[in-house]
Each structure stands twice: as C-alpha cells, then as structure tokens.
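Okay, so here's the structure we're looking at.
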Amino acid sequence: MEFVNLNIEGAILFNPKVFEDNRGFFYESYNKKLINKVLGYEATFVFDCESFSKKSTIRGLHYQLPPCEQGKLIRVIAGSVFDVLLDLRPHSKSFGQTIVVDLSAYNQNILWIPSGIAHGFQALEDNTLMQYKITDYYNKESEITIKYNDPNLNIDWPLTDSIILSAKWFNRKS
C-alpha cells in the first residue's frame with residue numbers, strides 16, 4: 001500500500017494495491033500494523049459506521065471537541081465524493097487550511113483524518129456509500145458543525161443546483 005502525506009498536517013491518503021482479474025478485484029482496505037507504522041502511533045478504532053447518500057447530499061463539516069476528538073479512516077465503497085478537510089488545530093502548521101480529496105469506489109483511495117480536523121463531503125453520484133473507522137465514540141455535546149457554505153472557507157462545492165442537507169441545518173440558531 002502506498003501513501004501520500006497531504007497538505008493538512010497529519011492527513012494521509014492511502015492508495016492500496018489492487019489485484020484485478022477477470023472476476024473483478026481484491027484489495028486490503030485496512031491493515032492495523034501498516035496504518036500504525038505510517039501514522040507513527042497506534043490508532044485504536046472503537047467503531048465503524050457507514051453513510052449512504054443521494055447525489056448532491058452534503059454531510060458536514062463536523063468534528064468533536066476534546067476530550068471526545070475523533071480520528072477517522074474513511075473510504076468510498078460505491079460512488080464518489082468531493083471530500084473536504086478543514087484544519088482546526090491551533091498549533092498545527094496547516095491551521096485554517098482546507099483541502100479537497102477525490103475519494104471514489106473507482107480509485108479505492110483511503111483517507112486518514114486526524115482528530116481536530118473538520119470533515120465534510122458532497123456525494124457526486126446517487127447511491128454513494130462510505131465506510132468510516134473511528135477512534136472515539138460520538139458525543140453530541142462535543143459535536144461542532146461548521147456551515148458548509150461559510151463564505152470564509154470559500155469551498156467550491158461542485159453540485160450547487162440541488163443540494164440536499166440534513167434537517168438540523170434548518171433548525172439551527174446561528
């Protein structure tokens with residue numbers, strides 16, 4: 001498995017070795033020893049989850065405050081996403097920076113998102129399925145959500161005609 005350090009400190013894109021033949025393909029989507037070697041520390045995943053999204057759905061940007069911070073190892077199983085990371089760690093070299101990552105079932109890339117990074121994505125296809133391995137449990141009181149269209153972030157979401165959002169966006173006080 002090859003990997004690339006991204007422009008947000010600690011964010012890593014893994015590109016697994018894919019074995020293809022006339023039956024289809026096979027690849028290793030998680031290897032604890034390899035992941036921990038690349039990270040330089042042991043990431044302990046406490047739960048997995050999946051999200052299924054219709055085309056144009058935007059999920060996030062969200063993260064959790066200490067002591068409930070979450071590191072995430074994510075991949076797209078079906079479809080494709082426009083994946084956004086925002087570094088909110090004040091002591092990071094990349095504090096305040098945003099990057100976009102192309103994740104799809106076609107490129108089979110796997111993304112490590114360290115804790116302290118806000119994460120969101122837009123599904124580029126119907127029936128987009130993502131899988132997450134997460135290092136801490138969800139804690140509603142620790143969750144912070146950043147508006148996907150905050151003008152300070154200047155995120156150029158690719159599908160703007162028919163964005164689908166969670167109902168909680170419409171019930172926000174800010």
Side-chain angles (χ1 to χ4, degrees), residues 4 6-14 29 43 45-90 92 94-174:
V4 176
L6 301 175
N7 288 337
I8 290 213
E9 185 179 5
I12 301 170
L13 189 65
F14 291 90
S29 62
F45 298 102
V46 297
F47 75 100
D48 288 4
C49 57
E50 292 183 359
S51 69
F52 181 82
S53 301
K54 297 177 181 178
K55 183 177 181 178
S56 293
T57 296
I58 293 179
R59 295 183 186 267
L61 304 164
H62 47 85
Y63 71 108
Q64 289 194 177
L65 295 171
C68 301
E69 300 162 300
Q70 295 177 318
K72 300 173 186 172
L73 189 66
I74 64 170
R75 67 190 181 105
V76 174
I77 297 171
S80 60
V81 300
F82 177 88
D83 204 272
V84 178
L85 306 180
L86 167 62
D87 192 345
L88 296 171
R89 302 165 298 173
S92 168
S94 51
F95 174 71
Q97 293 181 24
T98 338
I99 62 169
V100 173
V101 180
D102 174 28
L103 293 178
S104 73
Y106 317 108
N107 66 22
Q108 288 121 349
N109 287 333
I110 302 164
L111 177 62
W112 166 249
I113 305 168
S115 61
I117 305 290
H119 172 248
F121 68 88
Q122 183 174 44
L124 300 177
E125 300 177 43
D126 275 327
N127 306 319
T128 293
L129 181 61
M130 291 186 71
Q131 183 204 36
Y132 305 68
K133 295 184 92 45
I134 302 178
T135 61
D136 203 351
Y137 296 101
Y138 173 73
N139 181 295
K140 186 176 182 166
E141 291 76 35
S142 297
E143 182 183 33
I144 300 294
T145 304
I146 298 166
K147 208 167 181 186
Y148 78 96
N149 59 353
D150 182 318
N152 295 314
L153 299 178
N154 198 28
I155 299 170
D156 190 17
W157 297 97
L159 306 176
T160 57
D161 290 339
S162 56
I163 292 174
I164 302 170
L165 299 172
S166 165
K168 64 181 169 178
W169 281 110
F170 304 105
N171 297 324
R172 291 174 54 116
K173 294 182 179 161
S174 60

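Please read these numbers as outputs of a predicted model, since none were measured by experiment.
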Which of Thr145, Ile146, Leu85 passes side-chain contact (heavy atoms from CB on, under 4.5 Å) with Tyr63? It is Ile146
Review point. Would Tyr148 and Leu165 count as a side chain to side chain contact (heavy atoms under 4.5 Å, CB included) if you check the C-alpha gap in whole Å, the side-chain angles of each, and the deciding distance to 0.1 Å?
Key: CA-CA 10 Å; Tyr148 78 96; Leu165 299 172; 3.6 Å; yes
When rounded to the nearest 0.5 angstrom, what distance separates [atom1] in [X] from [atom2] in [Y]?
X	Y	atom1	atom2	result
Asp83	Arg59	CG	CZ	12.5 Å
Lys55	Leu159	NZ	CG	6.0 Å
Gln64	Ile144	CD	CD1	9.5 Å
Gln70	Leu65	CD	CG	11.0 Å
Glu143	Cys68	CD	SG	11.5 Å

- With a 4.5 Å limit on heavy-atom distance, are the side chains of Tyr138 and Cys49 in contact? no
Could you check whether the rings of Tyr132 and His119 sit parallel, tilted or perpendicular, using 30° and 60° as the cut-offs? perpendicular
**Report entry** Output field: ring centroids Trp157/Phe82 closer than 6.0 Å
**Finding:** yes
*Answer yes when Lys133 and Asp48 have at least one side-chain N-carboxylate O distance shorter than 4.0 Å, and no when they do not.*
yes
- [ ] Please indicate whether Asp150 has more than 12 foreign heavy atoms, meaning atoms of other residues, nucleotides or ligands, lying under 6.0 Å from its CG.
- [x] yes
Are Glu9 and Ser94 close enough that a side-chain donor and a side-chain acceptor fall under 3.5 Å?
no
